[in-house]
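Take a look at the structure below.
Keep in mind the model is a prediction, meaning the values are calculated, not measured.
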There are 2 protein chains.
Amino acid sequence: MKIGELSRATGTNIETIRYYERIGLLPEPARTAGNYRSYGEAHRTRLAFVRHSRELGFTIEEVRSLLDLADHPERECCEADRIATRHLAQVEEKIGQLVTLRDELSRIIGRCRGGLAADCRVIEALGDHTMCNGDHE
Amino acid sequence: MKIGELSRATGTNIETIRYYERIGLLPEPARTAGNYRSYGEAHRTRLAFVRHSRELGFTIEEVRSLLDLADHPERECCEADRIATRHLAQVEEKIGQLVTLRDELSRIIGRCRGGLAADCRVIEALGDHTMCNGDHE
DNA sequence: CTTGACCCTGTAGTTGCTACAGGGTGCATA
DNA sequence: TATGCACCCTGTAGCAACTACAGGGTCAAG
């Protein structure tokens with residue numbers, strides 16, 4: 001499989017694939033006579049793992065740890081659970097923040113009376129933090 | 001006011017203040033004899049506006065537009081409302097994505113039976129996208 | 001034998017900061 | 001007067017996680 005095929009097969013940008021190789025997430029594949037990268041099924045599986053993890057919001061370093069575990073099936077797997085659990089907590093925190101943000105924005109918006117910026121509620125609210133309820137960050 | 005004071009007054013990192021000046025979000029302040037930046041109340045207000053906007057998740061370019069409107073009170077303010085509304089939509093979309101993500105993660109996690117990585121549900125699920133319900137991204 | 005799609009390396013850009021290195025300023029204290 | 005210390009200056013490089021070239025090489029079809 002050439003890199004373009006792998007790209008299409010996994011929905012990953014070609015540049016991204018080469019980037020993953022450079023940072024050591026993907027192993028260096030064999031090369032053809034013309035110096036083209038040549039991938040097999042194992043590469044596709046591994047890249048899919050990486051992409052899926054990234055879509056779920058794991059950082060590259062977390063993906064590295066998860067891959068490391070996947071590569072060593074004889075190890076304890078608690079680490080994977082720990083990484084995922086910590087990540088879940090972060091996602092939940094982020095959701096909370098965004099909900100606060102959404103409420104703040106909703107409160108600010110929609111009061112445009114089509115007038116001049118001088119009377120704009122949005123601009124006014126942005127300048128004056130004390131008008132806020134929630135503590136965004 | 002010296003930069004350190006402005007930093008404390010607005011809860012903004014000194015490097016960040018200088019960065020905002022460099023990219024033109026804050027005007028260049030007057031300088032003292034010793035070449036120290038010297039800020040006034042107007043600078044503090046403007047920086048507070050910027051920080052507040054950033055905390056609400058507006059991009060630098062959006063902040064630039066909003067500042068531009070704030071600087072021209074004779075203009076129509078609909079643009080501000082438009083920017084904020086678009087941003088609200090983005091925030092709502094992001095919340096939706098994260099909720100999907102959270103559900104996905106919850107489903108994956110917590111099935112660790114303390115065994116070996118070979119049997120790990122987390123790693124298994126990461127490798128196999130077809131186990132997912134939602135369409136994260 | 002040339003066209004076009006594909007691939008290669010290497011480097012620089014993106015966003016929004018943050019972190020130095022290597023120096024200067026200004027005020028209090030010994 | 002010296003010196004210590006907190007603070008400030010410029011300029012550049014780093015972070016995450018890619019993305020986007022520039023400037024070239026490969027390969028199959030027509």
Protein-nucleotide distance (A:Glu5, atom CD; D:dC27, atom P), rounded to Å: 15 Å
A:Lys2 NZ - D:dT26 P separation (whole Å): 13 Å
Closest non-hydrogen atom pair between A:Leu126 and B:Phe49, with its separation: CB-CE1, 3.6 Å
Evaluate salt bridge (charged side-chain N to carboxylate O under 4.0 Å, His left out) for B:Glu28 paired with B:Arg37, printing each intermediate quantity in order. CA-CA 8 Å; B:Glu28 294 184 20; B:Arg37 287 174 178 81; over 6 Å; no
Which nucleotide of DNA chain C is the first, and which the last, in the 5' to 3' direction, to come under 4.0 Å of a heavy atom belonging to chain B? C:dG16 to C:dG26
Rounded to the nearest 0.5 Å, what separates atom OH in B:Tyr19 from atom OG1 in B:Thr12? 13.5 Å
Which sits closer to the 5' end of DNA chain D, A:Asn35 or A:Arg18, going by the nucleotide each is nearest to? A:Arg18
Euclidean distance, atom CZ of residue A:Arg31 to atom C1' of D:dT26 [Å, nearest integer]: 13 Å
Starting at the 5' end of DNA chain C, which residue's closest nucleotide do you reach first, B:Tyr36 or A:Glu21? A:Glu21
Given DNA chain D, 5'-ward residue of the pair B:Gly34 and A:Gly57, judged by closest heavy atom: B:Gly34
With the side chain defined as heavy atoms from C-beta on, A:Ile60 is closest, among D:dT19, D:dC8, D:dA17, to D:dA17
Between A:Asp71 and A:Arg46, is the closest basic N to carboxylate O distance under 4.0 Å? yes
Rounded to the Å, how far apart are A:Leu25 CG and D:dC18 C1'? 12 Å
Start at the 5' end of DNA chain C and walk down; is the nucleotide closest to B:Thr59 or to B:Glu15 reached first? B:Thr59
Taking all atoms of both residues into account, what is the closest heavy-atom pair of A:Ala80 and B:Cys120, and its distance? CB-SG, 3.9 Å
Length of the CD1-P vector between A:Ile17 and D:dT19, whole Å: 11 Å
NA contact type, A:Thr32, heavy-atom cut-off 4.0 Å: base, sugar-phosphate, or nothing? nothing
Is B:Arg51 touching bases, backbone alone, or none of the nucleic acid, heavy atoms closer than 4.0 Å? sugar-phosphate
Check this one for me: any side-chain N or O of A:Tyr20 less than 4.0 Å away from OP1 or OP2 of D:dA17? no
What nucleic acid atoms does B:Ile23 come within less than 4.0 Å of, heavy atoms only: base, sugar-phosphate, or nothing? nothing
Round to the nearest Å and state the distance from B:Ile3 atom CD1 to D:dC7 atom C1'. 11 Å
Looking at B:Glu21 and B:Arg18, does any basic side-chain N land under 4.0 Å from a carboxylate oxygen? no
Is it true that B:Glu5 and B:Lys2 have a side-chain N and a carboxylate O under 4.0 angstrom from each other? no
